[in-house]
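For the numbers below, each heavy atom of this structure counts, side chains included, while hydrogens, waters and symmetry mates do not.
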Amino acid sequence: MTTSTVSASSSSSGHRRALPALVLGGAAIGCSPIFVRVSEVSAVSTAFWRLALALIPLLVLFSRAKASDTSTKIPRRLGEYVTVTLPGVFLAAELATWHISLHMTSVANSTLLVNMTPIFVTLFSWLVLRQKIGTTFLTGLALSIVGIVVLKGGPAAIGGGDFRGDAVALSAAALYAGYILLLGRAREIYATTTIMLWSTTSAALCTLALALVVDPTIVPWTLAGWVIVLGLAWISHAGGQSLITYALAWLPATFSSLTLLIQPVVAAILAWALLAEPLSTGQIIGGIVVIAGIFLARLG
């Protein structure tokens, strides 16, 4: 078997695994609200531990990948370091901005608006990258957004917030869109393990700086508290974000960002199963509509 045949076979195999990896990654990140809800420390400090503790498995995976493939490209010049660290800066900014929005507007408005990321990714891809966006994809996007609104309680639950807080929540969605697009750009050059290690390091440093300013206590005080942030770090970030980064080598950022709308669906199911929060008929219908929209967009 020639080298080109092996490369083609590997690429085909990676493409087949991309969509399952993306969906599984979205589901893993969907667990994060549960971890954050029961964390002993504030949202910003929890975000820091999510990133810092994730560096343990990410460093192990990077070392193994580098040892098994010595040709793996790693950053060496300033511009290359910017490529692999900038996504982390956007991620840290998104986490901080969303946290601020929760104190400025209603929780319903904030959580709904921060899920508008696919709209920003699609607009940027169309206006700046000049990518053609098909009607079928746009229909699936609109359907999924409607599903998210229904899942969050419908139009009646949206309101009573603050315009400025809503704008901050939308800016968080835009920042996460930038994170997804920058991940996709970096994935064209670097392996998943390289991107995850460097972007997580930069995000952890940025989040730590913010936590030291706004949080009086950043360290969990019980073993259970450490288990919670460890689960968040290893399952949602090291696991979920790595799977999403892997998938971006084969799937466009527009569709990838839309698929991540499965996160609130997973979060609602877990809140029902683990926290005994009631799951209404509207939430069930909203979740089904979100998934239907994703499948429709995939056809486009």
Closest heavy-atom pair and its distance - [X], [Y]:
| X | Y | value |
| --- | --- | --- |
| Trp198 | Pro75 | NE1-CG, 3.7 Å |
| Ala177 | Phe120 | CB-CB, 3.7 Å |
| Ala203 | Gly88 | CB-O, 3.2 Å |
| Ala28 | Gly240 | CB-CA, 3.7 Å |
| Ala211 | Ser45 | CB-OG, 4.0 Å |
| Trp234 | Ala54 | CD1-CA, 4.3 Å |

Could you measure the distance from the [atom1] atom of [X] to the [atom2] atom of [Y]? Nearest 0.5 Å is fine.
| X | Y | atom1 | atom2 | value |
| --- | --- | --- | --- | --- |
| Leu210 | Asp215 | CG | CG | 7.5 Å |
| Gln241 | Leu91 | CD | CG | 6.0 Å |
| Ser257 | Leu181 | OG | CG | 7.5 Å |
| Leu61 | Thr192 | CG | OG1 | 10.0 Å |
| Thr83 | Leu182 | OG1 | CG | 9.0 Å |
| Leu19 | Leu24 | CG | CG | 11.0 Å |

For Pro252, enumerate each residue passing the side-chain contact (heavy atoms from CB on, under 4.5 Å) test, keeping only those at least two apart in sequence or located in another chain.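 side-chain contact (heavy atoms from CB on, under 4.5 Å) check on Pro252 returns Thr254, Phe255.
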Same cluster (ILVMFWY, side-chain, under 4.5 Å), Val44 and Leu208: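 Per the 4.5 Å side-chain linkage, Val44 and Leu208 are not co-clustered.
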Heavy-atom distance under 4.5 Å between the side chains of [X] and [Y], does that happen here?
| X | Y | result |
| --- | --- | --- |
| Val150 | Val289 | no |
| Val41 | Ile218 | no |
| Leu22 | Tyr246 | no |
| Ser242 | Leu58 | yes |

Per the salt bridge (Lys or Arg N to Asp or Glu O under 4.0 Å) rule, what does the pair list look like for residues 70-92, sequence neighbours excluded?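 Qualifying pairs: Lys73-Glu80, Arg77-Glu80.
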Verify, without hydrogens or angle tests, whether [X] (side chain) and [Y] (backbone) share a donor-acceptor contact under 3.5 angstrom.
| X | Y | result |
| --- | --- | --- |
| Ser68 | Ala65 | yes |
| Thr194 | Tyr190 | no |
| Ser256 | Leu248 | no |

Quiz question: by atom type and distance under 3.5 Å, do the side chains of Thr46 and Ser39 form a donor-acceptor pair?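 Indeed, the side chains of Thr46 and Ser39 share at least one donor-acceptor pair under 3.5 Å.
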Please list every donor-acceptor pair under 3.5 Å in which a side-chain atom of residues 139-147 meets a protein atom from a residue at least two apart or in another chain.
{"residue": "Thr139", "atom": "OG1", "partner": "Thr135", "partner atom": "O", "Å": "2.9"}
{"residue": "Ser144", "atom": "OG", "partner": "Gly140", "partner atom": "O", "Å": "3.2"}
{"residue": "Ser144", "atom": "OG", "partner": "Val290", "partner atom": "O", "Å": "3.1"}
{"residue": "Ser144", "atom": "OG", "partner": "Ile294", "partner atom": "N", "Å": "3.3"}

Partners of Arg164 by salt bridge (charged side-chain N to carboxylate O under 4.0 Å, His left out), sequence neighbours excluded?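 Residues passing salt bridge (charged side-chain N to carboxylate O under 4.0 Å, His left out) with Arg164: Asp162.
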With sequence neighbours left out, what residues match Tyr176 under ring-ring contact (aromatic ring centres under 6.0 Å, His included)?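 By the ring-ring contact (aromatic ring centres under 6.0 Å, His included) rule, Tyr176 matches Tyr179.
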Chi angles and distances behind the side chain to side chain donor-acceptor pair (under 3.5 Å) call for Thr245, Arg187: CA-CA 7 Å; Thr245 303; Arg187 192 66 177 91; over 6 Å; no
Show which side-chain atoms of residues 222-232 pair as donor or acceptor with protein atoms under 3.5 Å away, not counting sequence neighbours.
{"residue": "Thr222", "atom": "OG1", "partner": "Glu40", "partner atom": "OE1", "Å": "3.3"}
{"residue": "Thr222", "atom": "OG1", "partner": "Glu40", "partner atom": "OE2", "Å": "2.2"}
{"residue": "Thr222", "atom": "OG1", "partner": "Gly225", "partner atom": "N", "Å": "3.0"}
{"residue": "Trp226", "atom": "NE1", "partner": "Pro220", "partner atom": "O", "Å": "3.3"}

